[in-house]
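Just below is one structure, and these are the notes that go with it.
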Amino acid sequence: MKKWFAVIGNPISHSLSPFMHEKWLSELEIDASYIPIHVEEDNLEEAIMGLKLLGCSGWNVTVPYKEAIIPFLDDIDESAKGIGAVNTVVKTKDNRFIGYNTDGFGFIKSLGPINLEDNILIIGAGGAARGIVNAFKQGGFTNITIANRTAKNAEKMIHDLQIGHFITLNEAEAQLNSFDIVVQTTPQGMKNQANTLPIQLNKLKEHAIVADIVYNPLVTPFLEEATKYNARTINGLGMLVHQGAIAFSYWNGVYPKSEDMIDRLTENLGGNYVNR
Ligand code: ATR
């Protein structure tokens, strides 16, 4: 039977995953397809039974089902366990369905070469921050600081993941020159959200890496500000592409061309995704 893959979510029509995966499948001459499936909340269990029955070879999971899917899987990998969220389901040879989370590793890959000793500042303590911090931990990084508006949310994350320490946003601003990598994970700067900066960047270390997980717009006010201080800026498109590429490699045993895909999507999105 021809292989097929899917992404489930609600809404799903905006997802860039079908475009990416279809391109990679055809580039690598793999005879398979990848389809978006809109699933209503009440139908999640039936939808998953359907995917299994109809021979889906593996699927991605997006909002709002990354947590809700877990009870319907046979097991979850370490990458998903620490954060309680799955974005990729892999079917094993003996027909078991295992949940992984490739978001955090995808993010780390998008940074390019970095050192285990780098001092890392994460701004925010929501679901995305959890995935990233968990992946840094699994990757052997130890110097992790979390700055967040609400102390108790950051402290809960630090307690759950058993890594990192908390500072306030004001402390982050004041201590900014001690960080090699600064990661913005809050929704600020996203289309239809406040355009304020989570922290001021005037104490940014020369040549620091500054990443924003937002990719709509491609250049957030935070990244725009960071370029004024000669930072190497990274937008959220790299995370999107690499989380997909890692999932693709789990399913197909080969890592697809991610840099080309980042360039292609950047071009397709016209440098500014907001108005599309
Ligand atoms: P996700 O789960 O998708 O990562 P989220 O749960 O909306 O997104 O993440 C919200 C994170 O952004 C939280 O850390 C939140 O801070 P609080 O813990 O104080 O709520 C942070 N955040 C959201 N809006 C913010 C704002 N205007 N200023 C500062 N932090 C903000």
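Worth knowing before you read on, the calculation uses all heavy atoms, side chains too, and leaves out hydrogens, waters and symmetry mates. Each ligand, and each atom within it, is numbered from 1 in the order the structure gives. Being a predicted model, the structure only gives us computed values, none of them experimental.
- Residue pairs meeting the salt bridge (Lys or Arg N to Asp or Glu O under 4.0 Å) criterion with at least one member in residues 89-113, sequence neighbours excluded, are Lys66-Asp103.
- For Asn235 against Leu218, the heavy-atom pair with the smallest separation is CB-O, 3.1 Å.
- Contact record, Gly124 with Thr186: CA-CG2, 3.9 Å, taken as the closest heavy-atom pair.
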What are the atom names and distances for all N or O pairs under 3.5 Å between ligand 1 and the protein?
unit_1   : atom_1 : unit_2 : atom_2 : d
ligand 1 : 2 (O)  : Gly127 : N      : 2.7
ligand 1 : 4 (O)  : Gly127 : N      : 3.2
ligand 1 : 4 (O)  : Ala128 : N      : 2.9
ligand 1 : 14 (O) : Ala125 : N      : 2.7
ligand 1 : 14 (O) : Asn148 : OD1    : 2.7
ligand 1 : 16 (O) : Asn148 : OD1    : 3.3
ligand 1 : 18 (O) : Asn148 : ND2    : 2.8
ligand 1 : 18 (O) : Asn153 : ND2    : 2.7
ligand 1 : 19 (O) : Arg149 : NE     : 3.0
ligand 1 : 19 (O) : Thr150 : N      : 3.1
ligand 1 : 19 (O) : Thr150 : OG1    : 2.4
ligand 1 : 20 (O) : Arg149 : NH2    : 3.0
ligand 1 : 28 (N) : Gln188 : NE2    : 3.0

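- Within the structure, the ring-ring contact (aromatic ring centres under 6.0 Å, His included) test picks out the following pairs touching residues 113-158 (sequence neighbours left out): Phe136-Phe141.
- For residues 74-112, every residue pair satisfying the ring-ring contact (aromatic ring centres under 6.0 Å, His included) rule, not counting sequence neighbours, is listed here: Trp59-Phe97, Tyr100-Tyr250.
- Atoms CD1 and OG, on Ile213 and Ser110 in that order, are 10.5 Å from each other to the nearest 0.5 Å.
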